Student: 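Dropping a structure here in structure tokens format, bear with me for questions.
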Amino acid sequence: MNIAIVGAGAAGLFLAQQLSKNIAADIYVFEKTAKVATKLKASGGGRANILNENIVPDCYNQPAFIRTLLQKVDAKTIEHAFVQMGLKTVVDEENRVYPATLFAQTVVDVLLENMSPSVHIVVNTDIQKIQAKGNLWQLNNMETLFHKVIFASGSPAGMIRKNRQAYNAYLDSLQLDSKILQPSLSGFRIRQYPNILFGCRTRAIVSLYQNQQLIAKEKGEITFKEDGLSGIVVLNMSAYYNRLQDRQNCYLLLNFMYEDEDYDVERHLKTYKTLSGILHPKLNQLYRQKPFDVKNFRLDIEGVYDFEFAQVASGGIAVGEVDENFQLKRYKNLYAIGEMLDVDGICGGYNLFFAFASAYCVAKNIIDGNKNCQL
Ligand SMILES: Cc1cc2nc3c(=O)[nH]c(=O)nc-3n(C[C@H](O)[C@H](O)[C@H](O)COP(=O)(O)OP(=O)(O)OC[C@H]3O[C@@H](n4cnc5c(N)ncnc54)[C@H](O)[C@@H]3O)c2cc1C
């Protein structure tokens, strides 16, 4: 059997590893760039937060789809698969799982080392075309035909503009239902941005509102960039922002009283005549110029930063196009996994978990369908 995987990212490599250990097949992984797993290596600030031990379906844009997935494969399944490859992991206080080395490269190394020689990773090969040839599939004009093809070509998130053009265009001929791609887990561009705050890194309780209605609220560290706001908590807000039907009149309210959101700031001011002792120096400087409500500091959202600065894309192939094994309902033996599907989660290991879990399902489906092997 010949199996093709389009894309040597987290999902594609995990799938190749799982298949190669359990099935007698020639597995080709086609990668358009010169290197494999570029995004995986950059994940988690180079440490790769590979999953979260407590996957909450509501933290994804498709909670029902994830609930069904979790019945088949959960965080323990994926962690166990990595442990079996010899990867030692560590878990932090927020259930985020990392390689114990705290190096993303370690994850890539164990994946590659645990593949059998039946995996052929072919770099610098841009898949631009797929067509049926009888019961088999042809990619580009290759002579080799494939019994099964798995699309694992991710999204344009984290990429500069020139590399994003015609992203996943090889799928156009299949006419799959898909949702427009938007940068997600990205910072916000802010209207009438207070420039004086550029460089300020502080902690805050961040609430996302639309027309006075609370959409999401989280606490954490934020960073004021040149023209907007970033930090994990802000990135998460961008995911909730992208899930809104229309994104008019959205704004953030920041409460800088992170440790005690009900702290009596008025009383503090009366007692000490200054907020120097409770505010970041840059915020304090702004306050001195023009006093503001330190528990409700409003920033109007202009939009999210471009794909280049995004960790994932929201949108992609509609989940209604795939069955519970991630096989395309309309095309037998074609599958789609990972970020190219319209599934995105918040920060904390949710997106890599989905890449691995969807790959795991496909591997299990192909292996179960092949009577000689077991996963
Ligand atoms: C800076 C950054 C930090 C992140 N941190 C985390 C984190 O800590 N935890 C977490 O869970 N998630 C994190 N993410 C998100 C996570 O990395 C992605 O969701 C995940 O890597 C997606 O895996 P994938 O295999 O679906 O796609 P990708 O990793 O994007 O892989 C797709 C591959 O397909 C290749 N390809 C594309 N088109 C073609 C084609 N036509 N022919 C051949 N090859 C093609 C691409 O070059 C790429 O190598 C982060 C992302 C970024 C950018």
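Numbering starts at 1 and runs along the sequence shown. Fair warning: this is a prediction, and the values are worked out from it, not measured in the lab. For ligands, and for the atoms within them, numbers begin at 1 and follow the listed sequence. Every heavy atom of this structure was used, including side-chain atoms; hydrogens, water molecules and symmetry mates were not.
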Student: Could you state the interatomic distance from CG (Asp293) to OH (Tyr287), rounded to the nearest 0.5 Å?
Tutor: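 So the CG of Asp293 and the OH of Tyr287 are separated by 8.5 Å.
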
Student: Considering only non-hydrogen protein atoms, determine which one is nearest to atom 25 (O) of ligand 1 and report residue, atom name and distance to 0.1 Å.
Tutor: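 For this ligand atom, the closest protein heavy atom is Ala11 N, 2.9 Å.
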
Student: Looking only at heavy atoms, which two atoms of Tyr350 and Cys59 are closest? And how far apart?
Tutor: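 The answer is CE2-CB, 3.6 Å.
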
Student: Note the single closest protein heavy atom to atom 44 (N) of ligand 1, along with its residue, its atom name and the distance in Å.
Tutor: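 Answer for atom 44 (N) of ligand 1: Lys32 N, 3.0 Å.
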
Student: Would you mind listing which atoms of ligand 1 come within a distance below 4.0 Å of any non-hydrogen atom of Gly338?
Tutor: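 Counting from 1, the qualifying ligand atoms are 26 (O).
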
Student: I'd like to know if Arg96 pairs up with Glu53 as an ion pair, taking the criterion as any Lys NZ or Arg NE/NH1/NH2 lying under 4.0 Å from an Asp or Glu carboxylate oxygen.
Tutor: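 No salt bridge links Arg96 with Glu53.
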
Student: Could you tell me the residue and atom name of the protein heavy atom closest to atom 36 (N) of ligand 1, and the distance to it rounded to 0.1 Å?
Tutor: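 It is Ser153 CB, 3.8 Å.
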
Student: Measure up the Tyr360 and Phe14 rings against each other and bin them: parallel (under 30°), tilted (30 to 60°), perpendicular (over 60°).
Tutor: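 The rings of Tyr360 and Phe14 sit tilted, inter-plane angle from 30° to 60°.
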
Student: Quick test of your reading of the model: are Glu221 and Arg201 salt-bridged, counting only N-O distances below 4.0 Å?
Tutor: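 Salt bridge flag = yes for Arg201 with Glu221.
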
Student: So if I count the atoms of ligand 1 from 1 in the order they appear, which ones are less than 4.0 Å from some heavy atom of Gly7?
Tutor: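 Within the 4.0 Å cut-off of Gly7, ligand 1 contributes 33 (C), 34 (O), 35 (C), 44 (N).
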
Student: Could you tell me whether Ser43 and ligand 1 have an N or O pair separated by under 3.5 Å?
Tutor: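 Looking only at distances, the answer is yes, because the N/O contact criterion of under 3.5 Å is met.
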
Student: Looking only at protein heavy atoms, which one is nearest to atom 30 (O) of ligand 1, and how far off is it?
Tutor: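 Scanning the protein heavy atoms, the shortest distance from atom 30 (O) of ligand 1 goes to Lys39 NZ, 3.1 Å.
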
Student: What's the shortest distance from atom 11 (O) of ligand 1 to any protein heavy atom, and which residue and atom give it?
Tutor: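 Looking at atom 11 (O) of ligand 1, the protein heavy atom closest to it is Leu352 N, 2.7 Å.
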
Student: Around atom 27 (O) of ligand 1, find the nearest protein heavy atom and jot down its residue, atom name and distance.
Tutor: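 Of every protein heavy atom, Gly154 CA, 3.3 Å lies nearest to atom 27 (O) of ligand 1.
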
Student: Who's the nearest protein heavy-atom neighbour of atom 5 (N) of ligand 1, and how far?
Tutor: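 Sorting protein heavy atoms by distance from atom 5 (N) of ligand 1 puts Gly44 N, 2.9 Å first.
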
Student: Going by distance only, is there an N or O of Ala10 that falls short of 3.5 Å from an N or O of ligand 1?
Tutor: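 Ala10 vs ligand 1: N/O contact under 3.5 Å present.
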
Student: Considering only the protein, which heavy-atom contact is closest to atom 18 (C) of ligand 1, and what is its distance?
Tutor: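 Going atom by atom, the protein heavy atom closest to atom 18 (C) of ligand 1 ends up being Glu339 OE1, 3.1 Å.
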
Student: Provide the full list of salt bridge (charged side-chain N to carboxylate O under 4.0 Å, His left out) pairs with a residue in residues 322-334, sequence neighbours left out, each pair given once.
Tutor: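 Every salt bridge (charged side-chain N to carboxylate O under 4.0 Å, His left out) pair that includes a residue of residues 322-334, provided the two are not neighbours, is Glu321-Arg330.
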
Student: Against heavy atoms of Asn351, which atoms of ligand 1 measure under 4.0 Å?
Tutor: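 Those atoms are 11 (O), 12 (N), 19 (O).
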
Student: Heavy atom to atom 9 (N) of ligand 1, shortest distance: which of Val29, Leu15, Asn49 holds it?
Tutor: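 The nearest heavy atom belongs to Asn49.
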
Student: Does an N or O from Ile127, backbone or side chain, lie closer than 3.5 Å to an N or O of ligand 1?
Tutor: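 Yes, there is a polar N/O contact under 3.5 Å.
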
Student: Hey, is Glu259 close enough to Arg203 for a salt bridge, meaning N to O under 4.0 Å?
Tutor: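 Between Arg203 and Glu259 there is a salt bridge, with a charged N closer than 4.0 Å to a carboxylate O.
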
Student: Return the OH to OG distance between Tyr241 and Ser184, rounded to the nearest 0.5 Å.
Tutor: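 The OG atom of Ser184 is 11.0 Å from OH of Tyr241, to the nearest 0.5 Å.
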
Student: Please report whether ligand 1 has a polar contact with Tyr170, defined as an N or O pair separated by less than 3.5 Å (distance criterion only).
Tutor: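 Checking ligand 1 against Tyr170, no N or O pair falls under 3.5 Å apart.
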
Student: Heavy-atom contacts with Thr125 under 4.0 Å: which atoms of ligand 1 show up? List them by number with element.
Tutor: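 It comes down to these atoms of ligand 1: 42 (N), 43 (C).
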
Student: Thr33 heavy atoms, cut-off 4.0 Å: which ligand 1 atoms fall inside?
Tutor: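 With Thr33 as reference, the close atoms of ligand 1 come out as 47 (O).
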
Student: Would Lys295 pass as a cation-pi partner of Phe256, given that its NZ or CZ must be under 6.0 Å from the six-membered ring centre and within 45 degrees of the axis?
Tutor: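 Pair Lys295/Phe256 does not count as cation-pi.
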
Student: Do the side chains of Ser207 and Tyr251 get nearer than 4.5 Å, heavy atoms only?
Tutor: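 Side-chain contact under 4.5 Å: no.
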
Student: Among residues at least two apart in sequence or on other chains, which ones pass side chain to side chain donor-acceptor pair (under 3.5 Å) with Asn141?
Tutor: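 Testing Asn141 for side chain to side chain donor-acceptor pair (under 3.5 Å), a comparison that skips the adjacent residues, returns Lys129.
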
Student: So if I count the atoms of ligand 1 from 1 in the order they appear, which ones are less than 4.0 Å from some heavy atom of Tyr350?
Tutor: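 Reading through ligand 1 atom by atom, the close ones are 11 (O).
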
Student: For ligand 1, which atoms have a heavy atom of Gly9 less than 4.0 angstrom away?
Tutor: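 Within the 4.0 Å cut-off of Gly9, ligand 1 contributes 25 (O), 29 (O), 31 (O), 33 (C).
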
Student: Between Trp137 and Tyr331, what is the ring plane arrangement, given parallel below 30°, perpendicular above 60°, and tilted in between?
Tutor: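 Perpendicular, since the angle between the ring planes exceeds 60°.
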
Student: Which ligand 1 atoms does Ala152 reach within 4.0 Å, using its non-hydrogen atoms?
Tutor: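 Answer for ligand 1: 32 (C), 33 (C), 34 (O).
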
